[in-house]
Amino acid sequence: MLMRQLVFIAEVDKIKLVLRRTLLTDGSRPENDAEHSWHLALMAVLLESYASGPVDMTRVLTMVIIHDLIEIYAGDTFAFDVEGNKDKVIREKNAADRLFRLLDGEQGIELRSLWEEFDRMDTDDSRFAASLDRLQPFIHNVLTDGHTWKLGVVTKSQVCARMEPVRTGMPAVWPWVEAHIERGVKNGWIKEDVYH
């Protein structure tokens, strides 16, 4: 069992090589998935009181630490890349099959189950974890003059849809998000929706 765990630990170090579109808050370079996951873990501890329901912090922390490990094999799919998102589910499922198989039965099954729960967002723990995952790059966008919003030429409705987990997972934070969506529109970082 120990050898399988050590192999897994060595393998997941590759998460440090997966670059995201999100810039560090100083705008100097893209963050990597490991930095993103660490930031979510810290946010979970600090923002627990904003969760929509009681959460098990051990489960939440495990979810945010493992949620992007599959990107070692599947790659990071930009949230607003319509084409890239078409096969994301199957790429990530295949990556999860490959990754969690590295661990012995029960531990691999448990982590895989938490990864799936995170994606489903159907428990208080997973709703809170997913809302953090949406809030963190949103904060980075606010602090980098809408870098990834401009990169993706995204609309207000796209940003609102992407941020929906925050509205349900941390409702007290939603007014802050809404205000900054409006700020993004006003500053030209987010496009107004055009209806015909």
Side-chain angles (χ1 to χ4, degrees), residues 1-26 28-48 51 53-79 81 83-140 148 162 165-166 169-170:
M1 183 168 170
L2 175 61
M3 288 310 297
R4 298 278 294 266
Q5 290 167 323
L6 293 174
V7 166
F8 183 83
I9 288 166
E11 185 69 2
V12 298
D13 188 66
K14 294 175 183 174
I15 195 173
K16 297 171 185 173
L17 303 173
V18 180
L19 296 180
R20 297 167 50 81
R21 302 283 178 97
T22 307
L23 295 179
L24 298 182
T25 58
D26 70 357
S28 63
R29 65 171 175 81
E31 72 173 347
N32 65 49
D33 270 355
E35 292 165 328
H36 168 68
S37 296
W38 161 82
H39 213 180
L40 296 187
L42 178 62
M43 290 171 64
V45 171
L46 294 175
L47 302 178
E48 179 182 4
V55 295
D56 178 327
M57 189 53 66
T58 300
R59 295 181 86 253
V60 169
L61 289 173
T62 304
M63 283 183 203
V64 300
I65 290 167
I66 68 164
H67 82 286
D68 276 344
L69 291 179
I70 47 86
E71 292 185 1
I72 292 168
Y73 305 135
D76 176 58
T77 305
F78 182 42
D81 177 357
E83 198 60 35
N85 276 286
K86 286 181 179 175
D87 67 344
K88 177 184 175 187
V89 171
I90 190 68
R91 281 186 292 110
E92 291 189 348
K93 181 198 173 299
N94 291 339
D97 290 344
R98 180 177 170 192
L99 181 69
F100 295 116
R101 191 179 315 137
L102 295 175
L103 288 166
D104 275 328
E106 190 174 312
Q107 201 167 41
I109 290 167
E110 180 184 350
L111 290 184
R112 172 70 181 258
S113 176
L114 285 171
W115 174 75
E116 291 172 350
E117 181 182 334
F118 174 90
D119 266 7
R120 287 192 315 268
M121 295 184 279
D122 60 356
T123 63
D124 286 335
D125 293 341
S126 60
R127 278 188 288 274
F128 179 54
S131 66
L132 296 168
D133 185 45
R134 304 300 171 88
L135 183 61
Q136 190 262 357
F138 185 91
I139 292 168
H140 282 237
T148 60
R162 180 77 185 153
V166 176
M170 290 194 294

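The model shown is predicted, which means the values in this text are computed figures rather than measured ones.
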Atom pairs and distances, donor-acceptor, side-chain atoms in residues 6-14, under 3.5 Å, two or more places apart:
residue	atom	partner	partner atom	Å
Glu11	OE1	Lys14	NZ	3.0
Glu11	OE2	Lys14	NZ	3.1
Glu11	OE2	Tyr73	OH	2.6
Asp13	OD1	Lys16	NZ	2.6

Identify every side-chain donor-acceptor pair in residues 102-110 under 3.5 Å, counting partners at least two apart or on other chains, and give the distances.
residue	atom	partner	partner atom	Å
Asp104	OD1	Arg4	NH1	3.2
Gln107	OE1	Gln5	NE2	2.8

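Pairing each heavy atom of Leu132 with each of Leu47, the nearest pair is CD2-CD1, 4.1 Å. The shortest non-hydrogen separation linking Ala44 to Met57 is O-CE, 3.3 Å. Of all the heavy atoms in Asp125 and Pro54, the pair that sits closest is OD1-O, 4.2 Å. The two residues Phe128 and Ala51 have their closest heavy-atom pair at CD1-CB, 3.6 Å. Ser126 and Met63 get closest at one heavy-atom pair: CA-SD, 3.8 Å. Of all heavy-atom pairs spanning Ile70 and Ala95, the tightest one is O-CB, 3.4 Å.
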Full working for side-chain contact (heavy atoms from CB on, under 4.5 Å) between Met170 and Arg127:
CA-CA 8 Å; Met170 290 194 294; Arg127 278 188 288 274; over 6 Å; no
Yes or no on side-chain contact (heavy atoms from CB on, under 4.5 Å) for Arg20 and His140, after CA distance, side-chain angles and deciding distance?
CA-CA 12 Å; Arg20 297 167 50 81; His140 282 237; over 6 Å; no
Please determine whether side-chain contact (heavy atoms from CB on, under 4.5 Å) holds for the pair Leu19 and Asn32, giving the CA-CA distance in whole Å, both sets of side-chain angles, and the decisive distance to 0.1 Å.
CA-CA 4 Å; Leu19 296 180; Asn32 65 49; 4.1 Å; yes
Quick one, Asp56 with Asp124, criterion side-chain contact (heavy atoms from CB on, under 4.5 Å). Give me CA distance, side-chain angles, the key distance, then yes/no.
CA-CA 9 Å; Asp56 178 327; Asp124 286 335; over 6 Å; no
Does the pair Thr123 and Arg59 meet the rule for a side-chain hydrogen bond (donor to acceptor under 3.5 Å, both in side chains), with working shown?
CA-CA 11 Å; Thr123 63; Arg59 295 181 86 253; 4.7 Å; no
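Using a 4.0 Å cut-off between charged nitrogen and carboxylate oxygen, Lys93 and Asp97 count as a salt-bridge pair.
Inter-residue side-chain proximity for Val64 and Ser37 is flagged as unmet; no heavy-atom pair is nearer than 4.5 Å. Counting heavy atoms from C-beta outward, Asp133 and Leu40 have side chains that approach closer than 4.5 Å.
The main-chain N or O of Arg134 is never found under 3.5 Å from a side-chain atom of Arg162 such that the two would form a donor-acceptor pair.
To the nearest 0.5 angstrom, Leu23 atom CG is 8.0 Å from Thr148 atom OG1. Between the CG atom in Asp119 and the CD atom in Glu117 there is a gap of 10.5 Å [rounded to 0.5 Å]. Residue His67 holds its NE2 atom at 13.0 Å from OG1 of Thr62, rounded to the nearest 0.5 Å. Expressed to the nearest 0.5 Å, how far CG of Asp68 lies from CG of Asp33 amounts to 4.5 Å. Here the straight-line distance linking atom CD1 of Ile15 with atom NE2 of His36 works out to 8.5 Å at 0.5 Å rounding. Expressed to the nearest 0.5 Å, how far CZ of Arg120 lies from OG of Ser113 amounts to 6.5 Å.
Tested against Thr77, the residues Arg91, Arg21, Lys88 include a single side-chain hydrogen bond (donor to acceptor under 3.5 Å, both in side chains) partner, Arg91.
Ring geometry for Phe100 against Trp115 counts as tilted: the plane angle lies between 30° and 60°, on a 0 to 90° scale.
In this model, no donor atom of one side chain and acceptor atom of the other lie less than 3.5 Å apart for His39 and Glu35.
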